[in-house]
Amino acid sequence: MNFKKIITFISVLGLLSCSFPNMSFADNIKIKYDNRQINYSDTQVQYTINGSKIKSKYPGIIIEQISLASVKEIFVDSKIGLSYKFNKKSKTVELKRDKIKLVLTLDSYTAKVNGQLETVPIVPRLIKFNNNVSKVYVPARYVAQKFGLTYDWDSSTGIASMTGKTVKKTKKKSSQKTNNKTVKKTNKETFVYNGKTYNVKGKKVIFNIDNVKLNNAKLPGVYIGKTLMAPVKKIFLSNMSEGSYSYNKATKKITLGLDDNILTMTLGSKTADYNGTQVMLSKAPNDIILNFSGKNGIYAPIEDICNLFEIDIETDQSVSLLTFPDIDEAEEIIVEKPLETNTKNDKKENDIKEDNKKEEDKTDNTNTAKPSEPFNASNFPFSWKRKGAAVPVSALSAVQSLAGKQNNSSDSSIVDIKSLPASTEGPFDTYLITSTMGFSGITGNLNNNHLLLNLEKITSNNGQVYASNIRTTSSITTVYNAETRTTSVDFSLVAGVIGYDMSLSEDSKTLTLKIYKNTIEEINGNYNNGNYTFTFTGLAPLTLQENGSSDSNIDFSIHNIIDMIGSGSYANYANLSGEDISLFTYFNNGIEESRISLSKSSKLKYYTKQTGNSVSLILSKSVLSKVNGAVVQLPDGISEDDIEHEDNYFSNNFTVTLPGDVRSYYNANPVQYDNNKVSNVTVTLNDDGDTVLTFYTTKLYAYRLNFAKNKINIAIDRAKKLYSKVVVIDPGHGGQDPGMLSMNGIYKEKNVVLSIGYTYLRNYLDEDEDLKVYWTRKDDTYPTLKERAAFPSKVDADLFISIHMNSFNTTKPNGTEVYYSTRNNAIQPNGLSSYTMASMFLKNITSTLKMTNRGVKSNIYVVTNMNTVPAVLIEFAFLTNPDDLKKFSKLETHDKSAEILYNTIEEIFDNYPTGR
């Protein structure tokens, strides 16, 4: 922030959340490939799978207008879950999942898919980053589509979105037993790390490699906060790891080796050296004394180490499974020269997307399917059914084949792939594929939102893109394999497609393809003993999505369908006692969704229930019990360690996630809650196959989980009634407001302060269960100044801390200064004032980070001046000063700054307790 900045330049409140980039804040990154050093300034691609961001330290890059991704992080370690083997000798990358095996060769246009040669659009290659880490990068779209994923590139955001099947790694559970008696966990077991005593809290971890135990209960892994610390000597000297370990007592340095990679750590320091480049660890390695076993050993943060060495780690309760990189030789591919590509028809990502748009503009596929006439009912029960032909059972088979009459020795060619106007006969779209001389063998395979047709003895323009109907298909692309004389037609499908049907004309020259989408077959309404049930049955499972609710109205939608059942309504004001349900309406747009609206008595509560292809909306006066907060019963086998929770306070809800699919358990054992504070609780399944309980609160409430035997008691109330310390952290700027730019043009203020105030600070918060922290932003968003200043009163905060970096029009000014407002400097009942708080932060920051002390200053910045609690604005350093910039360009300084923030917050509350 400029030394003379005015209040309108102060950053504003962020409302959304995402993680701060792990690798760099720089607009440009230095990489090396093809023996060239590149200062890469193009788009740094982010990838998502089924709407969830894939965490990666290394961004995707664009070469020749094609996105390349780090194969290990994007396709292997993510939910996509491909198996991976890299052979350095032959330079081959082997990827496998289900029945698909893809072998790529570095710097080669040739690939093998299940043994058949193909041409890739751009060569895979080894990318070396400025931290000396090398990553195998592969063409992202090509790999995604080979494993049945849809792939959509948005050049305006730099996000490549993939959808399709994900894989949840199997977690192995174990129980510790001694002499056939289960060892009970005790909260009295302790260990000493860095001079401080920690409680084990029953969290002791045994490490395995391929089911071979590496350590025992006397030297287990232990947690410091959320960081798992492990006895690294035991792991790296294991015969299963093929690693190396050494420790120099004089220098206190630990050296770990694996393959050609070296990691050097120092006892008591978070700074380490990986292949000559400085890296930051989440906790410092140290000698840990285990009081419960009398043993001691050098421990280090194992998840950081695994990430550096590309070791897969899967931890479940008391067992952690390690999978070391497979360096065995893979199948060697001998490539004499790259296969020739048809450059005339070879379209890049942006070209394909633009062509799709142009073709859609040319083709009139906007005819909406006309559903049946409206249904009406005035009494329960009622039943509405879809009219028209039933979907053939054969259409639901994933693999289908046809034999044509074309037996000529010369190949036939595709003439056109044409989409017919939207059908009014059923939930399908029709495509006509015409050929010059007819079709012979045809095989179809529907897998994860892709329909792949393999056409024998058919030639085509490689990479040709055809117009599609948006109801069922997002894109249609042909790929020609000259060696096998086959054409593959890839239909990238939208969500909700459930099947397809193929037929040939008499002369075998025209292939008719029908692609079926899910639809609602039947709607039933019932009333029984005070319960109202509306059931929707589809060709495949349906999902009810809540769009909004009040005491007297609720609104749902069913997405990803072609609705053919029509519109309908139920209205009855006389026959039922109390007129609990006055109006139920169902209507559709005929393309991709239907809507349900219901007017009801405020006494009725509701929940949803999934059974096979049916989903039910159930309303009752007796669904919920009156409790204080909420009570969640726990299924057998689920403990406190299995449960995760997240506060989505900007959306007035919080989630509790339990492992596995236990939705049926909560259908039989509904969550009990106080409907004065919670309007609804939904039970859904996330992409990992885990059950998510979402609590929608009636307004912004805090919550606190209290675990009891076989249940969770959830306290729900204002934050100040649940926590003795409540703080708002305000990372400055965000969104279109970057703040100040560093003198070298690399670092933006908004990114640096988010790193300090959110990414690193949250790592310290689990050490104090009585401290509740709210953030004004968790990602790159741009709110308003008034919203930012008003936020503390909304969440009952005790303190407000805004974090900034400074700048000036010369390089001379340096150091730290902290601002407060004289207008908001009243002494609180506990004796604290904004000035006192500013003085404490300034002293701790300057003394710990060795910064120039520029003093405590007053100014009328909006976020401090218009606040309702003691508030400060911290200018950590000048991004325009060489010395300050050098210090704050290091992630180690960000981490240390976050630690100072946390320690100072605790010091403030220790000296000025709230009394709660």
Side-chain angles (χ1 to χ4, degrees), residues 15-17 530-534 536 543-559 578-586 595-610 615-633 645-658 663 665-686 691-706 711-722 772 774 794-796:
L15 299 177
L16 303 174
S17 66
N531 293 327
Y532 301 85
T533 304
F534 299 92
F536 308 85
T543 300
L544 276 174
Q545 178 175 314
E546 183 181 355
N547 299 321
S549 64
S550 66
D551 287 343
S552 58
N553 289 281
I554 54 176
D555 185 28
F556 285 89
S557 59
I558 300 177
H559 291 278
E579 299 175 6
D580 292 326
I581 301 290
S582 59
L583 182 65
F584 165 84
T585 58
Y586 173 90
R595 301 291 295 270
I596 298 103
S597 179
L598 196 144
S599 299
K600 66 180 186 66
S601 163
S602 61
K603 297 178 181 179
L604 286 179
K605 307 304 173 185
Y606 61 91
Y607 66 97
T608 61
K609 181 179 181 180
Q610 186 87 41
V615 61
S616 297
L617 173 61
I618 302 169
L619 299 97
S620 173
K621 294 180 181 178
S622 59
V623 171
L624 310 172
S625 298
K626 183 72 174 179
V627 295
N628 184 19
V631 177
V632 179
Q633 302 296 328
H645 59 96
E646 183 175 359
D647 193 351
N648 306 305
Y649 43 85
F650 288 124
S651 302
N652 286 0
N653 73 75
F654 63 91
T655 59
V656 176
T657 303
L658 302 95
R663 289 178 294 177
Y665 177 86
Y666 287 105
N667 285 335
N669 303 275
V671 175
Q672 297 177 304
Y673 56 85
D674 180 353
N675 58 324
N676 292 316
K677 295 178 179 178
V678 178
S679 62
N680 188 29
V681 177
T682 62
V683 184
T684 58
L685 206 64
N686 65 16
T691 302
V692 180
L693 308 179
T694 303
F695 295 77
Y696 295 92
T697 55
T698 55
K699 58 183 178 180
L700 199 160
Y701 279 119
Y703 70 94
R704 192 162 182 170
L705 305 187
N706 300 296
K711 67 178 180 179
I712 311 173
N713 295 314
I714 306 178
I716 302 173
D717 215 320
R718 302 290 297 178
K720 62 184 179 183
K721 293 187 177 182
L722 300 181
K772 174 67 175 176
Y774 292 95
K794 291 183 179 180
V795 296
D796 298 323

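The minimum heavy-atom distance linking S679 with Y673 is given by the pair O-OH, 3.9 Å. The two residues A719 and A702 come nearest to each other via the heavy atoms CA-CB, 3.6 Å.
Taking the six-membered ring for Trp and the full ring otherwise, Y774 and Y649 have centroids separated by under 6.0 Å.
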T691 vs L685, test: side-chain contact (heavy atoms from CB on, under 4.5 Å). Steps then yes/no. CA-CA 5 Å; T691 302; L685 206 64; 4.0 Å; yes
Applying side-chain contact (heavy atoms from CB on, under 4.5 Å), run through I714 and N706 and close with a yes or a no. CA-CA 6 Å; I714 306 178; N706 300 296; over 6 Å; no
Given the rule in the salt bridge (Lys or Arg N to Asp or Glu O under 4.0 Å) test, do D647 and K772 qualify, once you have shown the distances and angles that lead to the verdict? CA-CA 11 Å; D647 193 351; K772 174 67 175 176; 2.8 Å; yes
The test is side-chain contact (heavy atoms from CB on, under 4.5 Å); show your working for V681 and V632 and say whether it passes. CA-CA 11 Å; V681 177; V632 179; over 6 Å; no
Do L705 and N713 pass the side-chain contact (heavy atoms from CB on, under 4.5 Å) test, and can you show the C-alpha distance, the side-chain angles, and the key distance before you say yes or no? CA-CA 6 Å; L705 305 187; N713 295 314; over 6 Å; no
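Of the possible polar contacts, one joining the Y666 side chain to the Q633 backbone as a donor-acceptor pair under 3.5 Å is found. Using modelled atom types, no side-chain atom of T533 and backbone atom of I618 make a donor-acceptor pair closer than 3.5 Å. The backbone N or O of A715 sits nowhere less than 3.5 Å from a side-chain atom of R704 that would complete a donor-acceptor pair. Formation of a donor-acceptor pair under 3.5 Å by the S557 side chain with backbone atoms of H559 is not found in this model.
At a threshold of 4.5 Å between non-hydrogen side-chain atoms, the residues T655 and F695 do not count as touching. For the pair L598 and L619, the minimum side-chain heavy-atom distance is below 4.5 Å. Taking 4.5 Å as the limit, every side-chain heavy atom of V631 sits out of range of all side-chain heavy atoms of V671. Between F654 and I716, some side-chain heavy-atom pair lies under the 4.5 Å cut-off. The closest side-chain heavy-atom distance from T657 to H645 is not below 4.5 Å. In this structure, L700 and F650 have side chains that are not in contact, with every pair of non-hydrogen atoms separated by 4.5 Å or more.
Here Y701 contributes atom OH and R718 contributes atom CZ; the two are 7.5 Å apart, rounded to the nearest 0.5 Å. T697 contributes atom OG1, which lies 11.5 Å from atom CG of N680 (distance to the nearest 0.5 angstrom). Annotation: the span from N653 atom CG to T694 atom OG1 amounts to 6.0 Å, rounded to 0.5 Å.
Annotation: ring pair (Phe, Tyr, Trp, His ring centres under 6.0 Å) contacts of F534 (sequence neighbours excluded): F380, F584. Residues passing the salt bridge (Lys or Arg N to Asp or Glu O under 4.0 Å) test with K677, sequence neighbours excluded: D717.
Partner of L658 under the side chain to side chain contact (heavy atoms under 4.5 Å, CB included) criterion, chosen from I712, V692, L693, V683: L693.
Residues N553 and S599 bring a donor and an acceptor atom of their side chains to less than 3.5 Å of each other.
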